[in-house]
Amino acid sequence: MTALVLQLDRLDPGIPGRTLAPLSLTIQAGECWGILGPNGAGKTTLLHTLAGLRSPAAGQIRLDGQRLSQWPRQALAQRRAVVFQTQQDSFPTTVREAVLLGRYPWRAGWQGETDADHHRVDQALAALSLTALAQRPLEQLSGGERQRVALAVADALAPALWLVDEPTNHLDLHHQVQVMRRLSHHAQAGAAVVMCLHDVNLAARWCDRVLLLGTDGQHQAGDAATLLTEQRLSALYGEPLSRAWLAGAPVFVPTAVAGLDAAAAPAVEPPNA
Ligand SMILES: Nc1ncnc2c1ncn2[C@@H]1O[C@H](COP(=O)(O)OP(=O)(O)OP(=O)(O)O)[C@@H](O)[C@H]1O
């Protein structure tokens, strides 16, 4: 697999109701990007534009030097995976059959599945703790299980570029860590991972690059350790945040939740006081 480069050149994805300041950046193999911003900032719109699912309002996107719109469909389907924020089941199938569909872009003509396809599916199921659920009908799964299946479909594809909208949607804490570890593993193995995240602490722990998107159309992109500060994130979300350090990593908590804005917080007795 050749190293991937996704170039955004003065891009305006066309977020309804606003114009994004021209966005130019390069996403490279091995990088793990988090797109952060308030509800409605345009994270999903941008992600779908980077996937080639919609045309930008202005600017260009190049994948490995070629305009995204000029990529042959099958080659693009092999190179990048998109995991949507919500999952829709279009026909009844089992977990295993659904994950096997992730291999579909690699098949030539009417060729059936190969041993290599089944091996990748087994790996993807195991990586997302789905082996025991492999024969279960998709429609019987919980929200978190269904989310893990969507990630396993992409995992089975083995894409060079991951575009993931809220990977930890519906997931409990254990599975949030499992999924972030898996995505980070893929980045370390040479894929480029781009994900929309609401949890700034997951971004701080697992992403080496971030794109901060404001509702005013402004943005900042770059090194996560540099950009993830109390001041920037408080301004981005319009909510004062406080930063603590745990084992050398920053942890952000709304100041109100941390109880540090005593003047603004209502007087509430702690339980069992
Ligand atoms: N089909 C649509 N028609 C009109 N407006 C839309 C459509 N889809 C999205 N929007 C609007 O575009 C803006 C950006 O939406 P988008 O889903 O990209 O934001 P987001 O940052 O991903 O939000 P969230 O954090 O809530 O998922 C929002 O104001 C939204 O209301």
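When a ligand or atom number is given, it counts from 1 through the structure's own listing order. Quick note: residue numbers are just sequence positions, from 1.
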J.: Look at atom CD of E139 and say whether more than 12 heavy atoms of other residues, nucleotides or ligands are closer to it than 6.0 Å.
T.: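 Result for CD/E139: enclosed.
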J.: Can you tell which of G14, G37, G40 gets a heavy atom nearest to atom 13 (C) of ligand 1?
T.: G40
J.: Show which atoms of ligand 1 fall inside a sub-4.0 Å distance from at least one heavy-atom site of I15.
T.: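 Selected atoms, number and element: 13 (C), 14 (C).
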J.: Before you tell me yes or no, could you show the steps for R18 and D216 under salt bridge (charged side-chain N to carboxylate O under 4.0 Å, His left out), namely the whole-Å CA-CA distance, both residues' side-chain angles and the distance that decides it to 0.1 Å?
T.: CA-CA 8 Å; R18 88 180 54 102; D216 56 359; over 6 Å; no
J.: Quick one: which ligand 1 atoms are inside 4.0 Å of a heavy atom on K43?
T.: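 Result: 18 (O), 19 (O), 20 (P), 21 (O), 22 (O), 23 (O), 24 (P), 25 (O).
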J.: Pull out every atom of ligand 1 sitting under 4.0 Å from any heavy atom of A41, numbered as shown with elements.
T.: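 So the atoms of ligand 1 that pass are 19 (O), 21 (O).
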J.: Given the rule in the salt bridge (charged side-chain N to carboxylate O under 4.0 Å, His left out) test, do R243 and E230 qualify, once you have shown the distances and angles that lead to the verdict?
T.: CA-CA 6 Å; R243 180 174 61 183; E230 280 175 332; 5.2 Å; no
J.: Closest non-hydrogen protein atom to atom 6 (C) of ligand 1, residue and atom name please, with distance?
T.: P16 CG, 3.4 Å
J.: Run the salt bridge (charged side-chain N to carboxylate O under 4.0 Å, His left out) test on R107 and E113 for me, step by step, so that the C-alpha distance in whole Å, both residues' side-chain angles and the decisive distance to 0.1 Å come before the verdict.
T.: CA-CA 8 Å; R107 281 199 225 147; E113 301 100 25; 3.4 Å; yes
J.: For T49 and R54, test the side chains for any donor-to-acceptor distance below 3.5 angstrom and give the result as yes or no.
T.: yes
J.: Please list, in number order, the atoms of ligand 1 under 4.0 Å from a heavy atom of H198.
T.: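 It comes down to these atoms of ligand 1: 25 (O).
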J.: Specify the protein heavy atom at minimum distance from atom 24 (P) of ligand 1: its residue, its atom name, and the distance to 0.1 Å.
T.: N39 ND2, 3.6 Å
J.: Just checking, is any N or O donor in the side chain of H186 or D155 under 3.5 Å from an acceptor N or O on the other one?
T.: yes
J.: May I ask whether atom 16 (P) of ligand 1 is less than 4.0 Å from at least one protein heavy atom?
T.: yes
J.: With a 4.0 Å cut-off on heavy atoms, is G17 touching ligand 1?
T.: no
J.: Nearest protein heavy atom to atom 2 (C) of ligand 1: under 4.0 Å?
T.: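 Neighbour list for atom 2 (C) of ligand 1 is empty of protein heavy atoms (cut-off 4.0 Å).
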J.: Using heavy atoms and a threshold below 4.0 Å, how should the contact between E166 and ligand 1 be classified: side chain, backbone, both, or neither?
T.: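 Under 4.0 Å from ligand 1, E166 contributes no heavy atoms.
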J.: Heavy-atom contacts with T45 under 4.0 Å: which atoms of ligand 1 show up? List them by number with element.
T.: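 Under 4.0 Å from T45, ligand 1 has these atoms: 14 (C), 15 (O), 16 (P), 18 (O).
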J.: Is atom 30 (C) of ligand 1 less than 4.0 angstrom from at least one protein heavy atom?
T.: no
J.: Quick test: of every protein heavy atom, which one is nearest to atom 27 (O) of ligand 1, and how far off is it to 0.1 Å?
T.: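 The protein heavy atom lying closest is Q85 NE2, 3.3 Å.
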J.: With a 4.0 Å heavy-atom cut-off (strictly under), which part of P38 contacts ligand 1: side chain, backbone, both or neither?
T.: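 The part of P38 near ligand 1 is the backbone, not the side chain.
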J.: Please write down residue, atom name and distance for the protein heavy atom closest to atom 19 (O) of ligand 1.
T.: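 Among all protein heavy atoms, the one nearest atom 19 (O) of ligand 1 is G42 N, 3.3 Å.
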J.: Would you check if L157 and P105 make a side-chain contact, meaning some heavy-atom pair closer than 4.5 Å?
T.: yes
J.: Does H48 have a non-hydrogen atom less than 4.0 Å from ligand 1?
T.: no
J.: Salt bridge or not for D122 and R96, using N-O below 4.0 Å?
T.: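 Judged by the 4.0 Å cut-off on N to carboxylate O distance, D122 and R96 do form a salt bridge.
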J.: Could you tell me whether R18 and ligand 1 have an N or O pair separated by under 3.5 Å?
T.: no
